[in-house]
Protein chains: 2
Amino acid sequence: MKRTKNLPEKQQKLVEKLLDEACKKMIVLFGSCTAIFDGRIKSFLPKGDRMLFVKKDETLILHGSKGLKPLNWQLSGAGKINYLIEDEKLVVRTYRPKTKETLEILFDEIYQATIYDAHDSASLSIYGSESDLSDYLFSHPEIIDKNFQPTAREFETPFGFLDLRGVDKSGNPIIVEVKKRGATPADAHQLKRYVEYFEEVEKIKVQGILVAQSFSSKVMNVLRANNLEALEVPWQEIFPSLANEKPKVTMDDYIKDD
Amino acid sequence: MKRTKNLPEKQQKLVEKLLDEACKKMIVLFGSCTAIFDGRIKSFLPKGDRMLFVKKDETLILHGSKGLKPLNWQLSGAGKINYLIEDEKLVVRTYRPKTKETLEILFDEIYQATIYDAHDSASLSIYGSESDLSDYLFSHPEIIDKNFQPTAREFETPFGFLDLRGVDKSGNPIIVEVKKRGATPADAHQLKRYVEYFEEVEKIKVQGILVAQSFSSKVMNVLRANNLEALEVPWQEIFPSLANEKPKVTMDDYIKDD
DNA sequence: GTATGCATCTCGGGA
DNA sequence: TCCCGAGGTGCATAC
């Protein structure tokens, strides 16, 4: 990429443009910069080539050349983003009062600045969440146990919501905590605290079952130590993945040309 | 923004360029697209103006006009990103074998394509993490209690690591769980598990203290019910925030001109 | 490689 | 508004 010298007058013009377009359009700046964040944590980012992305809601995202997570960012809801020239260099400065967080990005050089006029009213639709899995288990209780009869979903306790409640064939109460991913020790603890709620507060002895994709030995230890059950449910078989086969749903099913 | 017609020959040239530069440079495409993700979850994104950002490590990020989080993405480590022309439209398709996840982005129109040659060897340095706070409390135990004497940091139990262990002036054992953020019910239960471990397995009665930024009434209820202590530690006073005052550390302290 | 827990977690839903 | 838990959590670190 050609690196044009950033002449002062050119920079001044850019700043005016940026201030003018802020909150109306997406702004992408590409250049060499350093950054300092101060708030919930402090961080310093030495000089390097980055992409700064400012959205219409003034979310500010500074990306490096690797990984999904940005190097630095500022959430929307911060005050106005300041674009200034200091020492002939572009400085982008934001302050988020709610969390008292400042982000300061100093551009040594700007290689390219682009202002996009984006229109997007669409929103992402999702299928296959943990709550979908709970729903499915509620209506297909035999997956949990052939004698399991669910009685409630999203049952509230003072310790939080539990996913499924039911009984076995003898009427003994069962509670189920559902995780789509692999179980963590925290998940086992979560289930334990629901069981404790019933035993200590409601004076009911319940069987706790943790449903998850997989169980590590440490998690199994916690479960066994607390007399809780583990049930491996491969949700991929419940929500058949299209990944391995020819997609059954293609974009053509959705796309409408104007 | 001027919306140039995407002529087939032009698109073909873009595809060649994209394939050529993949993994060598950052790619930014701006246009109108739909997207389908299939893997850990299924999602469909209707048509709208988006920014597609492909990093050198083949991380792929599709951003909408709001919020920090991308609408769709693919982590690095996926197979080669496919850029194809289908029905005279650019299709970006990736498959990540590890998690069997596909992402397909179909561009209805491309407004701008940019290829950046980024050089960034610098890495972010961070100060003020939870572990920094634990370290600080270990060396300044009077913050927890004037009679607290720490004996261990990162002490392992079968239920997980606890942050601090120590004794009071009478030699009674104390364990401390440290959170930098506000305490959650799960935090209180985690501490309870640790206390139970000592009482049930090691047959030692210990006092549990939860250190956090703030405590909700629900969390306080759980703590009180289990005879656990809450200690509000304003870490902002420990790692003085520069947010409210004139920054003491400015970029000038770091920046070295080549 | 897997497992574990932090994160400037972000985000959405519910009270 | 705050509180709470899910997340395609991502990510580093410990094993």
Side-chain angles (χ1 to χ4, degrees), chain A residues 35-43 59-62 66-78 96 98-103 123-124 126-134 154 156 159-163 177-187 190 214-219 235 239 241 243, chain B residues 37-43 59 61 66-77 96 98-103 123-124 126-134 154 156 159-163 177-187 190 214-219 239 241 243:
Chain A
I36 291 179
F37 176 82
D38 188 356
R40 280 169 286 183
I41 208 163
K42 293 172 195 296
S43 77
T59 302
L60 189 155
I61 311 175
L62 185 66
K66 275 160 33 179
L68 176 63
K69 279 187 65 178
L71 293 163
N72 281 111
W73 66 92
Q74 184 75 283
L75 295 173
S76 86
R96 192 165 178 259
K98 191 178 183 175
T99 42
K100 292 180 182 168
E101 290 170 319
T102 53
L103 175 59
S123 67
L124 190 71
I126 276 179
Y127 171 69
S129 63
E130 182 182 296
S131 127
D132 289 332
L133 179 53
S134 290
E154 287 289 310
E156 187 175 15
F159 287 1
F161 281 83
L162 57 90
D163 293 315
E177 175 63 25
V178 178
K179 296 293 165 186
K180 239 187 64 183
R181 44 167 173 72
T184 67
D187 298 333
Q190 190 184 357
S214 60
F215 294 85
S216 71
S217 58
K218 193 163 195 169
V219 171
W235 64 271
F239 301 99
S241 173
Chain B
F37 175 82
D38 187 356
R40 279 170 285 183
I41 210 165
K42 294 174 195 295
S43 75
T59 302
I61 311 174
K66 276 161 32 181
L68 176 62
K69 282 186 67 178
L71 293 163
N72 280 112
W73 66 95
Q74 185 75 285
L75 294 174
S76 90
R96 191 164 178 258
K98 193 177 182 174
T99 42
K100 293 179 181 167
E101 291 170 319
T102 54
L103 175 59
S123 67
L124 189 71
I126 274 180
Y127 172 69
S129 64
E130 182 180 297
S131 132
D132 287 334
L133 178 54
S134 290
E154 288 290 306
E156 189 177 13
F159 286 0
F161 281 81
L162 57 89
D163 293 314
E177 176 63 26
V178 177
K179 297 290 167 190
K180 233 188 68 182
R181 44 168 174 72
T184 67
D187 297 332
Q190 187 184 0
S214 59
F215 294 85
S216 69
S217 59
K218 193 165 193 171
V219 171
F239 301 99
S241 174

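Just so we're clear, the structure is a prediction, and the values are computed from it rather than from any experiment.
Rounding to the nearest 0.5 angstrom, the gap separating the CG atom in A/N72 from the CD1 atom in B/I126 is 8.0 Å. Separation of atoms NZ (A/K100) and CG (A/D38) is listed at 12.0 Å; rounding is to 0.5 Å.
At least one donor-acceptor pair closer than 3.5 Å links the side chain of A/Q74 to the backbone N or O of A/E101. Looking only at distances, no side-chain donor or acceptor of A/K66 sits under 3.5 Å from a matching main-chain atom of B/S76.
Look at the C1' atom in both D/dT9 and D/dG5: the space between them is 12 Å, to the nearest Å. As rounded to the nearest Å, C/dG5 and D/dG7 have C1' atoms that lie 15 Å from one another. D/dG8 sits 24 Å from C/dG14 when the C1' atoms are compared, rounded to a whole Å.
Under 4.0 angstrom from either OP1 or OP2 of D/dC4 there lies at least one side-chain N or O belonging to B/S216.
With sequence neighbours excluded, no residue forms a ring-ring contact (aromatic ring centres under 6.0 Å, His included) with B/F161.
Contacts of B/G182 with the nucleic acid, taken as non-hydrogen atoms under 4.0 Å apart, are absent.
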Nucleic acid footprint by protein, nucleotides 6-15 of chain C - heavy-atom cut-off 4.0 Å, B for base, S for sugar-phosphate alone
SSBSSS----
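Contact check on A/D187 versus A/R181 returns a salt bridge, with a Lys/Arg side-chain nitrogen under 4.0 Å from an Asp/Glu carboxylate oxygen.
Computed from coordinates, the A/E154 CD to D/dG5 C1' distance equals 10 Å when rounded to whole Å.
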